[in-house]
Structures are given as structure tokens and as C-alpha cells.
Amino acid sequence: AVTPLDPQHLTVGVTAGPHEEILEKVKEIAARDGVEIDIQVFTEYVMPNIALAEGELDINSFQHQPYLDNFKSERNLELVDVASTVIFPMGIYAAEYSDVSHIQQGDLIGLPNDPTNGARALILFESAGLITLKEGVGVAATVNDIAANPLDLRFIELEASQIPRQLDELAAAAINANFAIEHGYVPTEDTIFIEPGDSPWVNVIAVRTGHENDEAVKRFIEYYHLDEVRQFIGEHFQGSIVAAW
Amino acid sequence: MIQLHQVSKTFQSSSQQVEALREVSLQVNPGEIYGIIGHSGAGKSTLIRIVNLLEKPTSGHIDINGVDLTKLSPQKLREIRRSVGMIFQGFNLLKTATVEENIALPLRLTGLSHQEISQRVEKYLAVVGLTDKKQAYPSQLSGGQKQRVAIARALSHEPKILLSDEATSALDPETTESILDLLLSINREFGITILLITHEMNVIQRICDRVAVMEDGRIVEEGTLLEVYSDSRHPTTKKFINSQFPQSALSLLPVDEQDGQPVLELSFVGAVTDQPVLAEVSKRFQVSPNILSGNIVPLKNAHYGKLIVQLLGDREETAQAVAYIISTGVKVEELKGGEAHAGLL
Amino acid sequence: MIQLHQVSKTFQSSSQQVEALREVSLQVNPGEIYGIIGHSGAGKSTLIRIVNLLEKPTSGHIDINGVDLTKLSPQKLREIRRSVGMIFQGFNLLKTATVEENIALPLRLTGLSHQEISQRVEKYLAVVGLTDKKQAYPSQLSGGQKQRVAIARALSHEPKILLSDEATSALDPETTESILDLLLSINREFGITILLITHEMNVIQRICDRVAVMEDGRIVEEGTLLEVYSDSRHPTTKKFINSQFPQSALSLLPVDEQDGQPVLELSFVGAVTDQPVLAEVSKRFQVSPNILSGNIVPLKNAHYGKLIVQLLGDREETAQAVAYIISTGVKVEELKGGEAHAGLL
Amino acid sequence: MQAFYSRWGSVIFKATVETFQMVTIAMFFAVLIGLPLGVILTLTRKNGSLENRWIYQGLNTLINLIRSIPFIILLFYILPFTKLLVGTSIGVKGVIVPLVVHTAPFVARLMESALLEVDRGVVEAYEAMGISTPKIIWHVIIREARPAIALGLTMAIIALIGATAMAGLVGAGGLGNLAYSYGHLRYEVSVMHTTVLLLIVLVQCLQSLGNHLAARLRKE
Amino acid sequence: MQAFYSRWGSVIFKATVETFQMVTIAMFFAVLIGLPLGVILTLTRKNGSLENRWIYQGLNTLINLIRSIPFIILLFYILPFTKLLVGTSIGVKGVIVPLVVHTAPFVARLMESALLEVDRGVVEAYEAMGISTPKIIWHVIIREARPAIALGLTMAIIALIGATAMAGLVGAGGLGNLAYSYGHLRYEVSVMHTTVLLLIVLVQCLQSLGNHLAARLRKE
Ligand SMILES: Nc1ncnc2c1ncn2[C@@H]1O[C@H](COP(=O)(O)OP(=O)(O)OP(=O)(O)O)[C@@H](O)[C@H]1O
Ligand SMILES: Nc1ncnc2c1ncn2[C@@H]1O[C@H](COP(=O)(O)OP(=O)(O)OP(=O)(O)O)[C@@H](O)[C@H]1O
Ligand SMILES: [Mg+2]
Ligand SMILES: [Mg+2]
């Protein structure tokens, strides 16, 4: 009953930053085939899904799988993920400590204030053994969901992109690799704790339910999954963002 | 016709309550120039502001041509107001408009044609002598010039009724004179009714048909100009009339030299003044009248004169002279009687 | 002592250029009351505002007690200004302050003690008759009341020099009288120098020692009160002096009835007035002098009288009478000569 | 320089155009709504010409209500309303509605304080001439308040530019968003500086214009 | 209700306290800086008592410069400066500096327009009495402008509350941030409504206070 998407013209929502940059590359490639991609840039994490659900967008590419799942169930939206894109490995960085175990009683710990990265950071701290989260909060975790905090750490939610600039004021902080690299950190060397390789935090391409098999969507995924794009990601982000297809 | 019936106005402020008007009743007939005079704070401005309902009376009502303003719809009230011009004590000019615009704007808003407007602007600017200040802003005008713009603005409407609140108080005598002449002529030519407030008795005297004297929110005396001048009862009225006559003449003049000689105040109204009374006196009796101070003011349709005269002569003759003066209709009052002449009148 | 040397002031606006003052020189001696009179727009306010440098002269300079104000530092200028009080034509009261605060605040800012301040507030409020309006805000006052607050504010500083710009123009004669008395008494008691602007000749006449007449930015006549009254040369001065005498008497009076009889204007200054000149005339000659209009105004230290008289009598006698009048020192001017008496003077 | 221009020129140009679009359209509607509201506030307040407790209180509350909500929240709070009104809640079109809703009450308040400074006496003079209230409002009150209105509108337009910086949240772009998303998120420092510079020039021009206008109108 | 309270009660309380802290402290400094700036602008402008082209132009430009930068960008733009001044760029303490930098020029402009409405004649009267300029500024100009100042400050404080909504970006929390990050981003609708309600009540109170004060001071 749903009209299929126009394969020659797609409106794609992204958040400002790496997703946008990658999509610009994709747009460039698609243009060669005469496929027009209209990029809509957002700077928060709700509108791209709402706009997609309401038909303002055809496709969006900005969120990881757990966030999408949580969002769908909370708001009862008919959205579906159709392909994986990239992973932004997250690590714990510190200005002075060289290991998580050095973190002291009452230290100030920074984490991103946006929901897709905030919950992920909390889960990262949990796996580093710093805190325990409440049973079953999963990817919707917020700083209010900390069940046990033996070191009485003080958590502070900050604008993700600015955390590297403020790192010297913190004992430690969870930072996405791309932001860390911009400030000259090398994720593999400077992290005092890093996410395990089998990360569930894979970013995905989402469409409205019913369009998952559209020709247009398939063509879009093809473009995205070209080696040319992988190469671009590798060069441009220098390992801070990894292609996950 | 303007009628005020038992109008009271009380200003209520947190700290005090001021009764600015207390049951004032008043009637101004069509085509009349009616003057209100009174001391500062007597309630004159409040009264005139109530006439076109800029101030709502606490009680009482106001009729203009038989219509009770307090009961009118805003629309009807506006219609009536269009025929009532007003000159404010505080000028109330637009600060951001030139002299020309200040006069033209209200005319434009009442829907006059462009041509008509520029004609009237020219005419009334010439009338108040400000043609050369056409492009000036109020802040570039002197006090008197601002007042004249306000006058031109009110007149340019060519209203049927004109309310004027101290329109000439900031003006020099010559300009005042020319404005008063103008008021008189529009009153005569177009039958405009004028209600004017002033504290200058010479304004009243020059152009008013009737006059009311206010004191502490009340009208304490009222009547035609002649009535008020010839037979003022209230002390305030007397003070105002006397203000035109040098009060202190008596104390200043060296009357002591001729001590023992009575000092009389002669006052006369109407056409009497052309009888050479004093000349006649000095001819008929062995008495030299010495004018210590005097004034004869021309009222609108008559004259009022007051002389302070010392009669120099012997008792007998002086008494006869006084009797003669009284017989001519002149009012005589003894201000200072010499011992020898006690009880002269 | 206030001295203005060749002071000019030109207002420059985009459209026009107004020469408000043109090379005005002036000297006000210590302890003197100096009056400036002139028509609306003559430049009076500009002149007085230049005296304490509220307006900067375009050229020329101003000395107060020998100090050139235009060359002073702001600090020194402030010090001098503290001894110079000013009453503004536009009142300039704080809208958000009560009458009491309006007077008290400047005193407080000049560092007076609390007690001193409340004493002065009481005193000067009583002087201007506003004790009961102490708690009122300017918007709750009548025009005259505002002016009186401004007067009280200026006086409460007890300045050495007082500049007054039309301080009494919004006031009724009685209040004016009392303010003028007050000015006279502070002038006599404390030797305060007063420079006052007015358009009312009776203010000048009542209290000024010297007077200057302004016209179109220039001082056109200047001198002591007696000089100006007895020997006015400039038409503007004459107009102002005549404003105290009913101008239109002549046209209003039924002189035609006695046509052919000369109408004379007699004017006399000083102590002459106590000679019963006219009485003497009617005794000595076969002539009846009929006073058509007249006034004798008391000047500060003398009197000035002007009578318009019609002499009724035959030609011979009239001529002799006129000659006699002139011989007594009275100035005679023929306003209207009957045919039979042409060339009487 | 050349490289910077060829890489970013068109992006910055597009953002500038978007900012202009958002600011002019939103300002237009904000004034269209805010000015009358300001007038009504002035007229119906205590001792106003058309004193009316209920209208005044109602409007006053409504304006405060809207002004209470920070723009960043308002933007999302009124999403359904936006969608209803203009059919979309994203892009320049989608951000106009919240911008107007945000700015109009601000304009109304600024107008209110400008209009309150107009001398009661002058208004009275025109009332006494029997001139109708709408004409008095336009030709007397607003006319006399023009200098203050010019300053107020300048203030509002600058606040509006600030708000458009958040327009990126719903994909409307603009200079503010460019500075934020490129400058912050991608550390393109030169883009950030350039856009901030552009913003400064823009605001400086607007303010000069406003001041100039106010000074010309303030003819006292 | 009970559940909501026990889950969010303390969070909302904390946010309210943070908002109060940010608003009061920032407002205090913004007025401390903005008011004198406004006074200087008024005095040094053309035809002012202390006309001075250079000071006026300099200040004017500086103020526009700062006001050009949307708060969201300013916040990070002046990070090093903030750190220098208060030693930290995060938390309530870290957001005060950008809030003050953002609000002070706004206050200055509002003060400027309030002060410009004061009658020149009254100022002149006090100059003629030889009263020093600082005393005239305080006891005459500011005094007479109080009604307009009260309205202006109310406006500034409301704008400030709007700006604190972005304080979350540097971890300062507050009601605005709560509404945004929990209400909007994390879809806790009841939190959003509650905080917006709180904000409305807060602003409504402030505005009433401001209006009341202005009306009391406007004694004409
Ligand atoms: N709005 C007001 N609130 C309180 N009292 C007022 C108000 N307006 C006028 N009054 C008072 O009412 C009285 C009468 O004032 P009004 O202005 O009518 O006097 P006036 O006769 O015109 O005096 P003037 O000759 O000085 O202009 C005064 O005592 C004045 O203080
Ligand atoms: N700021 C100004 N800009 C331009 N022209 C001005 C300015 N101030 C005064 N004038 C002009 O200068 C002339 C003298 O004004 P001034 O106020 O000194 O008159 P005045 O003698 O006090 O008159 P009045 O008796 O009416 O108060 C007037 O023609 C007036 O229009
Ligand atoms: Mg009055
Ligand atoms: Mg003057």
C-alpha cells in the first residue's frame, strides 16, 4: 500500500559531523548515476527519526542500532534498519591517569550529553568496573540510573565535541574517537579503557517500514557500501571511525 | 451650548484625596466668550478638561448642545469632539513632527483634502506669526513659539466650540493682543463659542462676555463682565479686578505731605467715563483733586475705571464735592480719611 | 557680577540656521535685579541659558565675578554653578519624585544635612504655598503648582545669583505678587543678584533695577527702569510700556462726540504725580480735562503715569493749558488734534 | 585563501541566504503579530485609553507563558502546531513558525515599553480632537515612539539571529548553525571564524541602521 | 504521581536550584557590567552630556560584536577566557562567564534605550545646579528611568533563563536543560511538561514583579 520511494531523488537525514561528511561523499558518488540526494542536516537526535516517520525524510543515517530500537519502542514508530554503516569507537581518556584503576574517590568524570552517546558511555564505565547500572535500563540509561557508585564519582554531561577541550578539568571522560582524534589523541594509545571490538554500537541506515525493499533504498545502500566510501572513511577519519560493513 | 450640572471631580491617590471640583454648574451660551479665572490650583484646568470629557467627572453631567456627554458611545463622543477645539496648558505637540506636520496631521486624520490642509497650515501659521518656523521641531522652539503652534493647531480645525487653557500665558503682550483679536474676530464672524481659562484679568476684560471666578473647586462668582466689574462680591474676584490696578499705590505715594486730606477710590463703569467728573469737581468746588493712581480699562463693550484721588480742599467743599461725585453715578469709597474729614461719606 | 561680552549663538539644524543671539553684551551688577523683556522668540531663554553655560556660545565669552566661564574646567564650572540658581521655563521636575523629593534631592546632592534639608523644604514649600502638596507627584499638580515647585527648588539652594526664566508666567496675579515680593526681599536681605526674564512688563516694573529689551537676538534698549520708562527710544520698548496702558482706549472711546477737541497723551515720571496738574489746569483755564484713559504705575523707586486726556475748551485756552502742562515737566504728545486745534503743540 | 573559498564559499553563501530568509520572514511575521500585541498591551493596561483588566491580564499571561519557554525547547514543544500550520516541521519553512512564536512576544514586550514612553498629553490632545483610536495609535503613539521602536526592533532582530543559530536542530541551516556544526563538531576553525565574522558584520550593520534610524527619528 | 515524584523529584529540585544559581549570579554581574555600559553609551553618544565619538563607537562596536555571536557558539568560543577567569569551564561556575558575557551587552542596550527616554531638561536642571555627573547619573537619570529599567531588566532576566537552557552543554544543568535533554531527547514527556510549567511559573512571577515595580515607579 506504500508508494515506493523515487529512486532518482532521495531525501536523507543526518546529524552534523561525520555522518554528514560521509553522506556528502555518497551524494557525490550517486550524482554520477544521476541520482540526486538531498541531505538534511540535524544537530539533535530526535528530529531525524520523527521527520523520517512523518515522511519528511526518505532515509536517515545518524544513529546506532540500540538507540533506534529504544526510540521505536518508546514512541511506537514504524521504522526499520536496513544496513549497517560505521562505528565510532568510544574510549575513556584521562589527562593524568594512565589506567582506569587510578581513578580516585569523588573524581569528576565527563560523558556526552546526547542520548545516543550518553548511555553508551555509562555502559562503558560499567564494563570498566567503575559503576553498576540499574537492572534492565540498557541503552536508555542516564546518570540517574546508576545503581552503585562505589567511588562516589561525580558524572557530568557535556557537549560531546567539546569534551577533549575540557579534559584537563576532568579526571577522566568518555570520548568518541572522532572527536578525540581532532584534538590529537590517538585512540589506541591514549585511551585508558576502550570498548571491546564486538561493539553492539553499530550505526545503521533506517527507513520507514514498508520501504525496506524499495529499489531506491537498495541503490542507496549500494552506494554507501562501495569501497570508495570505505576508503574515504579510512583516509578522512584515520581510524577513529570504522566502516562496519 | 455647554452646560455643566453639579459636576464634581475627586482625584484619588494612595496618600491623598483632592477635590478638584465641587458641584460646579455652569452654562455657556452659543456664540458667547466665557472666561474662567482663578488662582493656581483652583480647578480651572480640571473643569475645562471635563467639558470634553478628557477627565471623567466623579458625579454630575455635561451637556453639549443638549446631549449628555457622559452617556454617549465612544463613536458619538468622537463626533462631538471633532467640533470642539482645545488649546492645552502644556502644548502637547508631537516631538517628532515639525511645526507644519503638527498642524497638518490632525487635519489629515479628520479627512481634509491635501489642498485644504496646506491652505489652512499657511493661514494659521501666518496668524500666529510662525511662517518661518514651518520646518522646525518643537525642541527648536521657544516656549511662546510652542504655545503658538498649539494655538494654530486648535484653530486650524475651525471648531464650533473652542476650549482654551491659558493659551496666552507664555506670550508677550503684543502677541497676546493679536491672539485675542483673532479669537474675537472668529467669535464674531463664525459665531464660535469660546470657553477660556486664564489667570490674566486683562484677557477676560478684553474679550469675555461672561466670567466665572473659581476658588478651591467652586465657582464663587459669575456674571457678565459688567456685573462682575461693577459689583464684585467675593474677595477673590476683587483681588483679580484689583490686580489691574496698582495695589500699592497708596502706600508708596507721599500722601502724608497733604495729611488730613481724604483719599478716595472712585470707580465707574460704562459710559460714565466720558463725563469730565473730576474736572467738573475742580470747577464747581474749591477742591483740587489729585490723582494718586488710576486706570481706566476698556471692557469688551464698556469701560471700567478706578481712580485713587486725594481731594485737597477744606472740609465743607470736599464734602460737597464728594456728594456731587456720587450723584453722577460714580462709586466712592474712602480709603484714608484725614482726621479733619472723618466720616466724609 | 555677570558680564556677557559680544555673545553670539547660532543654532544650526539641517534645514535652517537660527541666529538666536547676535553679539549681546550685558553687565549685571552685584545685588542688582536685572530684567530682560522681549517678544516670544527674541532670544531671552537662550541668553539666560548661556549665562550658566547650559548653552555654549558660538562666540563671545561670559564672566561671572570676573571668571571667564568658557575657559573653566568642568569641576570649576560646577563650583560656580552651585552658587547660581535657575528657574526654568519648562519646570524640569523629576516625574518620579514627589514635590518634597524634588526640592530635597538637589539639596541632598549638594551635601546638606538632613535637618537642614527638611527645614528648607518646609520653609520654601510654605513660601510658594504648597505645603499641602508635599506628597503629590508632578503629574498630580496644576501648571501653576508645578511652576511653584520649580521656584521653591531654585530658592531652596539660597544661591548668590538667581536666573529666572518666566518664573511667574503661569501664575495668577496674587501668587505672582507674592513671589515677586519674595524675590525683592531676598535681594534686599541677602544681596542676591537676580537676572530675570519675563514678558510681563509689570514684573519688570515691580522689582527690577535695570532692564534690557531684546528683539531678534539683540539688546535694543537698556537702562535703569526710570531711564527706560521716561525715555524709551525703540518701538519694541514703547510697545511693552504701552502694554500696561489700554492701547485701544482711543478707538473705543466716543471721542467723536467732542470732535474738534485735541486728545493728548500726558506722561510723567518720578515725583511729579503728586502735583495736581490737571486740577490746576481746570482751575487756571477755561478748560475741562476729560480723562479718557489713564494709569499711574508705581515703579520700583518712582512712578510712571500716562493719561490720555481730551481737553474741552476753546482754542486759546487749550493752548495755554497745554503750555502750562508742559511747563510742569509733564511730557505731552498729541494723539488726535481736532481741526480747530491743529498744531496745538 | 583561494582554497578556502572554493571549498567553503558556496556553503557559507548558502548559509547566509538561509539566515537572511529565516530572519526576514520570521521578523516580518513577528512584527506583524508583536506590534499589535504591544499596542493592545499599552492600551488595555491600567490607566490606558481602553483599560481592560481581562484582556490585559490574558495577553500578559500568554506572552509570559511563551517567553518562559527557552527557544530550544519551544522549537520541539510546538512541533505539531508547526506541522499543522505550514505542513512541515523541518527546514527553513519548519523553523519559521517557532521563530515567530518565540520572537513575537518579545517584540510585543519591546513595543510595550517603547509605547509606554509616549507622552499621555499628546495622546489626549488627539483624543480631544475626536480622532479615532486606531488613527491615534498609528499616527500619534507609534509615530512618537518610532525612535524607541527602531532600537527595540534592532534588539529583537539580533535576538532572532541568535535563535536561528539553533535552527540547525531542525535542519534549517543558517550561519549560526554553520558555525556550530562545522566549527564545533568538525573543528573547521576557519569556517567558524568566518561565519562568526559574517554574523558580527551583519549585526553591526543592523545595529548601525537601527541607531541611525532612531537618531533620525528622535527629532526632539 | 508518587512514582514520578520519587523518580524525578530530586532531579527537578536540583535543576531548579541550578537555574536559580545561574540566573541570579549571572544577572548580578550582567547588571553590574551592563548598567554602567548603558550609562556610558547614553552619555557619550551624539548630543550627550559627555559626547565622545571614540568611546561611543568603540563600546558600541564591542557590544554588537558580542551580541552578534549566538550564545550556543559564544559558550565554546570563549572557553579559554572562562577557564582563565574562574578556573573551570564546566558546571554552573563555568557557564556563569559566558552567560554574563552574553547578557551584559544586552542589558547595556536595554539600559541605553531606557536612559535615552529621560527628559534632557531635567538633566540640564541638575547640571545647572552644579551637581557632579556621577550623582546626576545615579540620582536623576537612573532614577527617572527606573520604570523602563525595571521592564528592561525583566526582559533581560527572561532572556537569561532562555540562555541557561543551553547550559547543559557545559554540564551546568538547570531546568531548561532538563526539559531539553530528558524531556525532548529522552522522551520523558512528564518531565518536560513539569519543567516547562516550572519555567512558566518562574517567568510569570518575575514578569509580574517587573511590571508591578515599573507601575509603582512610573509615578507620573
Ligand atoms: N491627576 C491628578 N491627581 C491628583 N490631583 C490632581 C490631579 N490633577 C489635578 N489635581 C489637583 O487638582 C487641583 C486643581 O488642579 P487644576 O489643574 O484644575 O488647577 P488650575 O486651576 O488649572 O491651576 P493652574 O492655574 O495652576 O493651572 C490642584 O490642587 C491639583 O493639585
Ligand atoms: N535648539 C534650538 N535649535 C534651533 N533653534 C532654536 C533652538 N532653541 C531656540 N531656538 C530658536 O532661537 C530663537 C530664540 O529662542 P528663545 O527660546 O531664546 O526665545 P525666547 O525669547 O525665550 O522666547 P519665549 O518668550 O517664547 O520663551 C527662537 O527663534 C527659537 O526658535
Ligand atoms: Mg491649569
Ligand atoms: Mg523662553
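The chains referred to below are lettered A, B, ... by the order of the sequence lines, with proteins before strands, and numbering in each begins at 1.
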Kindly give the heavy-atom pair with the smallest separation between D:Ile72 and E:Met166, and that separation in Å. CD1-CG, 3.9 Å
Counting only pairs under 3.5 Å, give me each side-chain donor-acceptor contact of residues 97-112 of chain E, with atom names and distances, residues two or more places apart or in other chains.
unit_1   : atom_1 : unit_2   : atom_2 : d
E:Thr103 : OG1    : E:Leu99  : O      : 2.7
E:Arg109 : NE     : D:Gln207 : OE1    : 3.1
E:Arg109 : NH1    : E:Asn60  : OD1    : 3.4
E:Arg109 : NH1    : E:Glu112 : OE1    : 2.8
E:Arg109 : NH2    : E:Asn60  : OD1    : 2.5
E:Arg109 : NH2    : E:Asn64  : OD1    : 2.9
E:Glu112 : OE2    : E:Arg45  : NH2    : 2.8

Sole residue of E:Ile200, E:Val203, E:Leu197, E:Val201 in side-chain contact (heavy atoms from CB on, under 4.5 Å) with D:Leu65: E:Ile200
Inter-residue atom distance E:Tyr77.OH - D:His193.NE2, 0.5 Å rounding: 4.5 Å
Identify which part of E:Phe71 has an atom lying under 4.5 Å from any heavy atom of chain D, answering side chain, backbone, both or neither. neither
Enumerate the residue pairs fulfilling side-chain hydrogen bond (donor to acceptor under 3.5 Å, both in side chains) with a member in residues 144-166 of chain D, sequence neighbours excluded, ordered by first and then second residue. B:Thr96-D:Glu144
Rounded to the nearest 0.5 Å, what separates atom OG in D:Ser68 from atom CG in E:Leu198? 11.0 Å
Are side-chain heavy atoms of E:Leu199 and D:Pro70 found at a separation under 4.5 Å? yes
Work out which heavy atom in E:Arg67 is nearest to a heavy atom in D:Ala159; give both atom names and the distance. NH2-N, 4.5 Å
How far does OH of E:Tyr180 sit from CD1 of D:Ile73, to the nearest 0.5 angstrom? 9.5 Å
In this structure, CD of E:Gln57 is separated from OG of D:Ser208 (nearest 0.5 Å) by 7.0 Å
